[in-house]
Amino acid sequence: MARSSDYGAFMEKFVLKPSSSSHELPLNGLIFAVKDIFDVDGFVTGFGNPDWARTHLAATSTAPAVLAILRGGATCVGKTVMDEMAYSINGENKHYGTPTNPCAPDRVPGGSSSGSAVAVGAKLVDFSLGTDTGGSVRVPASYCSILGFRPSHDAVSTAGVIPMAQSFDTVGWFARDPVILNRVGRILLQLPDVDLVRPRQIFIAEDCFQLSSIPNNRVSQVLVKSVEKLFGGDVVKHLILGDYVEDKVPSLSRFMSKEIKKQDYNIASLAALSSAMRLLQRYEFKNNHGEWVNTVKPDLGPGISERVWEAVQTIGENIDICYSVKAEIIAALTTLLEDFGILAIPTVPGPPPKLNTDPTTLEIFRAKAFSLLSIAGVSGFCQVSIPLGMYDDLPVAISLLAKHGSDGFLLHVVETLYDALQEQIAISER
């Protein structure tokens, strides 16, 4: 199969027809692709690695999330490339090739749901399914200039999906159009179509926006002006999120290492939150896959190999504190946002890195990225990444978070805000 024509996004192509082709179905006529982490009956679920594919049998059933979308009227056209064992946010795969970022071909597409994001960004499909544990939908959405939704933790079934770390694993989705994003979400989340509730407050996390290398007038200001126009200026509130988290999540003090306190480029409490998250992620990854890794000793790409082996050697100390951190951050952010509050942060700290960048030069970028990504990661809150056009010919994105279970509300807000944001970008670019 010629991979150049499809941006290298697909592992394999096939057609799964919808359960019914009724015109009344919400996804009728739409086509989609799924990350190669979802079971599809009759196909081996490859998990981004040839050794995994070689040592596993074909799936004998299809993941419920995929079945729900087929029942909604959409047609599946194939499985997409992913980062090995879902252990990267870069999108580079040494075995199957790196899917080409359609809006910045010399840059990484983002991972681990790389092919799913590229397929949507390149208009090969209308939407796609991915998974997001540490950022694997939000990051590629931002790098490929499309919408990406990470739902509330446990809101969409992860049955028939290879686990990475169950405390954080979610099934997410990508689209170019907010109406389609919302429609897909309502099917996966089994939500009735409800009227939009006006956001009560939109908190701009000022310290988080300072982590970004992109000027504020192209990120947070675009949101503020759009919100003022649509909902009125009284909705906008400003917040130093790091201070709030440090104050309300006392268990984080156990993760405030000397190194973290020294990092002037990061937000200490969020860096500690990210440390807690990554510890629990390693521990759960080991419980899921340690035996396989030790037995098969798979051939893994640079960066991923080190992370996988570090995880496999994790011992279970401080795991109980991770659960305390999780409970405290859920309580803290629920108190902050209440029912119809929204938290705005940059999705990632800047534009996508260049292809084949040495992992060590990306360490600061990754550290800042995981500080931002761990907010929804640990709290299990829903988060959407929204593209904000291009700055210096590279994609820019912003993220909105809402409390656990407010997915329908957040999807509606995106649909309502989207056009105002695009208008505001055009104004800011003049």
Q.
Would you say the rings of Trp173 and Phe127 are close, in the sense that their centroids are separated by under 6.0 Å?
A. no
Q.
To the closest 0.5 Å, what do you measure between SG (Cys76) and NZ (Lys17)?
A. 11.5 Å
Q.
Counting only heavy atoms not in Arg176 (residues, nucleotides, ligands), do more than 12 fall under 6.0 Å from its CZ?
A. yes
Q) Judged by modelled atom types alone, do Thr133 and Asp169 share a side-chain donor-acceptor pair under 3.5 Å? A) yes
Q. Can you find a heavy atom in the side chain of Tyr244 that is under 4.5 Å from one in the side chain of Thr335?
A. yes
**Q.** Check: Arg107 and Leu394 side chains under 4.5 Å, non-hydrogen atoms
**A.** yes
Q: For Ser142 and Pro395, work out which heavy atoms get closest and say how close.
A: O-CB, 3.6 Å
Q | Lys/Arg N to Asp/Glu carboxylate O, Lys13 vs Asp6, below 4.0 Å | A | yes
Q. Does Lys326 make a cation-pi contact with Tyr323, if we ask for NZ or CZ under 6.0 Å from the ring centre and within 45° of the axis?
A. no
Q. Any chance NZ of Lys94 has more than 12 other-residue heavy atoms, nucleotides or ligands included, within less than 6.0 Å?
A. yes
Q) Would Tyr87 and Phe285 count as a close aromatic pair, with their ring centres under 6.0 Å? A) yes
Q: Measure the CG-OG distance between Asp83 and Ser136 for me, rounded to the nearest 0.5 Å.
A: 7.0 Å
Q: Check the surroundings of atom NZ in Lys297: do more than 12 heavy atoms from other residues, nucleotides or ligands lie under 6.0 Å from it?
A: yes
Q: Evaluate side chain to side chain donor-acceptor pair (under 3.5 Å) for Asp39 paired with Thr45, printing each intermediate quantity in order.
A: CA-CA 6 Å; Asp39 284 350; Thr45 310; 2.6 Å; yes
**Q.** Side-chain heavy atoms of Leu129 within contact of Thr80, under 4.5 Å
**A.** no
Q | Minimum heavy-atom distance between Gly130 and Val137, given as atom pair plus value | A | C-CG2, 4.0 Å
(Q) Under a 4.0 Å threshold between the charged nitrogen and the carboxylate oxygen, would Arg200 count as salt-bridged to Asp339? (A) no
Q. Does the ring center of Phe14 lie less than 6.0 Å from the ring center of Phe43?
A. yes
**Q.** Test item: Met85 and Val308 side chains (from C-beta on) under 4.5 Å apart, heavy atoms
**A.** yes
**Q.** Closest heavy-atom pair and its distance - Lys286, Thr314
**A.** NZ-O, 2.8 Å
Q. Are Trp52 and His289 close enough that their ring centres sit under 6.0 Å apart?
A. yes
**Q.** CG/Asp393: more than 12 non-hydrogen atoms of other groups inside 6.0 Å
**A.** no
(Q) Can you confirm whether Ser112 sits close enough to Ser88 that some side-chain heavy atom of one is under 4.5 Å from a side-chain heavy atom of the other? (A) no
Q: Mind listing the closest non-hydrogen atom pair of Ser116 and Lys35 along with its distance?
A: OG-N, 3.5 Å
Q. Got Phe10 and Val81 here, is their nearest side-chain heavy-atom distance under 4.5 Å?
A. no
**Q.** Stepwise side chain to side chain contact (heavy atoms under 4.5 Å, CB included) test for Phe255 and Cys322
**A.** CA-CA 9 Å; Phe255 293 96; Cys322 296; 3.8 Å; yes
Q | Asp207 CG to Ser371 OG distance, which is reported to the nearest 0.5 Å | A | 10.5 Å
Q: Would you indicate whether the side-chain heavy atoms of Leu27 and Arg71 approach each other to under 4.5 Å?
A: no
(Q) Could you measure the distance from the CD1 atom of Ile214 to the CG atom of Leu388? Nearest 0.5 Å is fine. (A) 9.0 Å
Q: May I ask you to test the Thr295-Val293 pair for a side-chain heavy-atom distance under 4.5 Å?
A: no
Q. Looking at CG of Leu270 and OG of Ser275, how far apart are the two atoms once the value is rounded to the nearest 0.5 Å?
A. 11.0 Å
Q | Nearest-0.5 Å distance, CG of residue Asn49 to CG of residue Asn93 | A | 8.0 Å
Q: Please confirm whether the backbone N or O of Gln166 pairs with a side-chain atom of His153, one donor and one acceptor, at under 3.5 Å?
A: yes
Q: Check the surroundings of atom CD in Glu291: do more than 12 heavy atoms from other residues, nucleotides or ligands lie under 6.0 Å from it?
A: no
